[in-house]
Amino acid sequence: MIERLVFENFLGGMCVSQYLAAKNQYYDGVNMDIITEPGRSAPGYAQTDKTGSELTTSPTKIVAPGISGEEEFVYGYSTTQMFRYDVFNDAMTDNASWVQTITNGDVGGFGVYKGKCYYANGNTQIGSFTPGATPTFTANTITGLTARTYSPMHVFGNILWIGNLNQVASYDGTTVNVNALDLETGYEIDHIDHFGKFLVISAARTTGLSANAAGVMQDAKLFFWDTTSDSWQEEIIVWGEQRIRGMKVVNNTLYVIGANGLYVLDGAILKKIVPFTGTNYSGNSYIGLSSSAVVESLEAWRDFLIWPGLSGTIMFYGTPDSKIPPFISAPVKLSTGNSVYVFGGLDQKLLVSGSSTIRFAKFASGGSGSYNLITSRVDFGGRVKIKGVRPKHKVFASGESIDISVNYDTGNGENAIATSYNFATYGAVRESFVPITQEPAVNNCYFKFAAGGGAKIDPGIEIFFERVETDGQSYSPIKESQ
């Protein structure tokens with residue numbers, strides 16, 4: 001008897017393990033967009049490189065001043081350069097002022113306060129300029145800071161707060177206090193944000209520890225401070241994370257990200273909501289954080305948290321519809337190199353910096369490239385023969401294809417039975433039964449749908465199989481939907 005398995009949709013997002021998937025999750029879908037048309041799988045976001053000959057280093061922070069006359073511009077900052085980019089007109093400012101060379105910039109040392117941009121300029125000072133095509137730069141607006149690696153900046157209570165090694169500095173536009181708050185010696189501040197009435201500071205222990213300091217906590221911490229008391233009011237250890245790589249408050253919810261996962265603050269407890277442990281079918285990890293990611297790597301865009309993922313991806317966590325639970329996806333992938341930093345840019349565009357020749361690139365939905373949709377592994381509860389597959393998709397146009405393969409373990413390694421399905425053979429159809437002529441006999445397997453030419457996969461993919469009697473045993477039928 002022929003039985004049927006239906007993949008209802010893939011709005012469960014990516015799963016961290018091929019063997020442990022919730023309903024409607026898939027195992028691998030890098031460079032696949034399930035957000036723009038929820039339920040339909042489409043090619044990932046289109047990439048436009050904006051590097052030009054001017055940029056020699058990748059930006060580690062991008063800001064949008066949002067002041068009158070500068071609504072369409074963003075400013076990028078790296079350890080050696082700053083640039084001005086018109087997002088609406090897709091143009092890099094190229095004149096005597098831009099690209100601007102700086103000396104000893106540091107990671108994350110860039111912010112906006114009272115209509116000016118402030119940037120780390122050397123190890124002990126902060127420079128500033130008023131945004132524009134031909135700005136005047138002041139190299140030492142704020143001085144007297146401690147030599148440090150990171151200078152995160154955040155505006156709260158009409159004050160610019162700056163990370164100053166293990167101290168928080170404050171600036172009101174006139175007066176600087178380099179040690180408005182002192183954290184524990186040996187810590188270095190890498191993020192500042194605000195949560196309710198508190199300033200939230202993440203810091204990593206960087207000095208003062210021996211290699212095997214028994215009983216000494218080496219994990220990163222979050223400090224909560226009311227900005228007026230002599231000391232902080234609360235601290236939370238981020239267990240297992242030596243350094244926080246991103247912190248963001250969205251809709252009064254605090255999220256942090258590290259090498260081991262994405263976390264959310266639930267009351268006084270920091271919970272891991274996405275573990276970074278997955279590997280895809282070929283052994284390449286995707287659900288994770290890029291080793292090239294700088295601090296302040298967690299951003300918000302539309303209804304999603306976004307961050308630099310592994311293997312050049314940008315990871316998304318969220319949902320396009322309140323009726324759909326939050327999920328993980330990777331609709332963006334750099335054409336080469338690793339992702340370093342991502343900014344939820346103006347005009348609904350994503351701006352991404354990379355570690356290779358792509359210093360700066362723009363992404364927008366509506367790509368036309370290829371992608372692989374790979375399901376989680378299906379356990380049939382016994383030996384079966386795969387008879388055929390009926391993909392559902394947007395009506396095929398010339399050049400489009402969705403090649404199918406059944407992948408299973410032979411006991412001596414993985415084997416794959418591949419079948420072509422394309423416009424050239426099947427014509428302008430939106431679904432068709434595709435026989436798997438070799439009918440592999442399997443206990444479990446996963447399915448790979450290689451979409452090319454801009455093909456878009458719809459919900460309701462059907463798998464047809466027949467059970468094989470073995471030693472007189474009978475098996476319970478598999479559930480009809482996955």
Side-chain angles (χ1 to χ4, degrees), residues 61-67 107-120 126 142 145 148 150-173 175-184 187-204 220-238 241 243-258 262-271 273 294-301 303-307 318 343-344:
K61 188 70 182 289
I62 298 171
V63 300
I67 63 175
V107 176
F110 200 33
V112 179
Y113 175 58
K114 292 186 175 180
K116 289 187 177 182
C117 289
Y118 290 80
Y119 62 99
I126 302 289
I142 299 172
L145 300 176
R148 66 219 174 277
Y150 306 103
S151 298
M153 303 181 194
H154 183 71
V155 177
F156 178 54
N158 206 30
I159 300 292
L160 178 64
W161 304 96
I162 304 166
N164 181 29
L165 197 63
N166 70 314
Q167 299 173 323
V168 179
S170 65
Y171 178 63
D172 63 5
T175 304
V176 179
N177 181 355
V178 297
N179 63 335
L181 177 69
D182 292 316
L183 298 183
E184 300 173 34
Y187 278 84
E188 182 170 13
I189 296 169
D190 43 32
H191 298 87
I192 302 176
D193 208 323
H194 70 276
F195 182 62
K197 65 179 183 180
F198 295 101
L199 205 65
V200 187
I201 305 133
S202 80
K221 289 184 178 181
L222 303 181
F223 298 88
F224 295 77
W225 178 46
D226 64 11
T227 72
T228 58
S229 301
D230 292 337
S231 184
W232 59 94
Q233 281 66 52
E234 187 73 45
E235 66 180 64
I236 295 176
I237 297 170
V238 188
E241 300 287 359
R243 171 153 254 149
I244 296 301
R245 309 306 295 184
M247 182 171 71
K248 200 74 176 176
V249 177
V250 181
N251 296 328
N252 204 34
T253 303
L254 174 64
Y255 299 90
V256 298
I257 195 169
L262 176 68
Y263 305 79
V264 65
L265 183 64
D266 185 359
I269 300 173
L270 204 59
K271 292 184 177 180
I273 54 176
V294 298
V295 297
E296 299 191 283
S297 285
L298 187 63
E299 289 285 339
W301 185 67
D303 297 311
F304 294 85
L305 293 169
I306 54 176
W307 67 88
F343 173 72

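What's counted below: heavy atoms across the whole structure, side chains too, no hydrogens, waters or symmetry copies. On a predicted model such as this, the values are computed, not experimentally measured, just so you know.
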Note to self: Any heavy-atom pair between the side chains of Leu254 and Val264 that's under 4.5 Å?
What the structure shows: no
Next item on the list: Check for a donor-acceptor pair, side chain of Asn179 on one end and backbone N or O of Leu181 on the other, with a separation under 3.5 Å.
Entry: no
Item checked: Residues which pass side chain to side chain donor-acceptor pair (under 3.5 Å) with Asp172, listed by chain and number, not counting sequence neighbours -> none
Next item on the list: For a salt bridge (charged side-chain N to carboxylate O under 4.0 Å, His left out) with Glu296, tell me which candidate from Arg243, Lys248, Lys61 qualifies.
Entry: Lys61
Next item on the list: Compare every heavy atom of Phe110 with every heavy atom of Cys117, then report the nearest pair and how far apart it is.
Entry: CB-CE1, 4.1 Å
Check: How far does OH of Tyr187 sit from CG of Leu165, to the nearest 0.5 angstrom?
Finding: 13.0 Å
Next item on the list: Quick one: closest heavy-atom pair of Ile159 and Ser170, and the distance?
Entry: CG2-CB, 3.8 Å
Item checked: Flag, side chain of Tyr150 to backbone of Pro152, donor-acceptor distance under 3.5 Å -> no
Margin query: Once rounded to the nearest 0.5 Å, what's the spacing between atom CH2 of Trp307 and atom CH2 of Trp301?
Written below: 14.5 Å
Next item on the list: If a pair satisfies side chain to side chain donor-acceptor pair (under 3.5 Å) and one of its residues is in residues 155-168, list it, with sequence neighbours excluded.
Entry: Asn164-Gln167, Gln167-Asp182
Check: Rounded to the nearest 0.5 Å, how far apart are CG of Asn177 and CD1 of Ile142?
Finding: 11.5 Å
Item checked: Close side-chain approach of Val63 and Phe343, heavy atoms under 4.5 Å -> no
Note to self: List the residues meeting side chain to side chain donor-acceptor pair (under 3.5 Å) with Thr228, not counting sequence neighbours, and say none if there are none.
What the structure shows: Asp226
Check: For Ala169 and Leu145, which heavy atoms make the closest approach, and how far apart are they?
Finding: CB-CD2, 4.1 Å
Check: Do Ile126 and Leu160 come within less than 4.5 Å of each other through their side chains, counting heavy atoms only?
Finding: no
Checklist line | Closest heavy-atom pair and its distance - Asn252, Phe195 | finding: O-CE1, 3.3 Å
Next item on the list: Determine whether Ile244 and Ile257 make a side-chain contact, defined as any pair of heavy atoms from C-beta on separated by less than 4.5 Å.
Entry: no
Notebook entry, point to check: Between Ile236 and Phe224, is any pair of side-chain heavy atoms under 4.5 Å apart?
Noted result: yes
Notebook entry, point to check: With sequence neighbours excluded, what pairs up with Ser202 under the side chain to side chain donor-acceptor pair (under 3.5 Å) test?
Noted result: Asp190, His191
Check: Does Lys197 NZ have over 12 foreign heavy atoms under 6.0 Å away?
Finding: no
Next item on the list: Using a 4.5 Å cut-off on heavy atoms from C-beta on, say whether the side chain of Ile192 contacts that of Leu199.
Entry: yes
Checklist line | CA sep, side-chain torsions, deciding dist, call: Thr253, Leu265, side-chain contact (heavy atoms from CB on, under 4.5 Å) | finding: CA-CA 7 Å; Thr253 303; Leu265 183 64; over 6 Å; no
Next item on the list: Could you tell me which non-hydrogen atom of Tyr171 sits nearest to which non-hydrogen atom of Tyr113, and how far apart they are?
Entry: O-OH, 3.5 Å
Next item on the list: Look at the rings of His194 and His154 and say which category their plane angle falls in: under 30° parallel, 30 to 60° tilted, over 60° perpendicular.
Entry: tilted
Check: Tell me, do Val200 and Phe223 make a side-chain contact under 4.5 Å, heavy atoms counted?
Finding: no
Check: Does anything in residues 227-236 pair up under salt bridge (Lys or Arg N to Asp or Glu O under 4.0 Å), and if so which pairs, sequence neighbours excluded?
Finding: Lys221-Glu235
Next item on the list: Could you list the residues that satisfy salt bridge (Lys or Arg N to Asp or Glu O under 4.0 Å) with Lys116, not counting sequence neighbours?
Entry: none
Check: Is there a side-chain contact between Tyr255 and Tyr263 (heavy atoms, below 4.5 Å)?
Finding: no
Margin query: Between Trp225 (side chain only) and Ser229 (backbone N and O only), is there a donor and an acceptor less than 3.5 Å apart?
Written below: yes
Margin query: Show the nearest heavy-atom pair for residues Met247 and Leu222, with the distance to one decimal.
Written below: SD-CD2, 4.0 Å
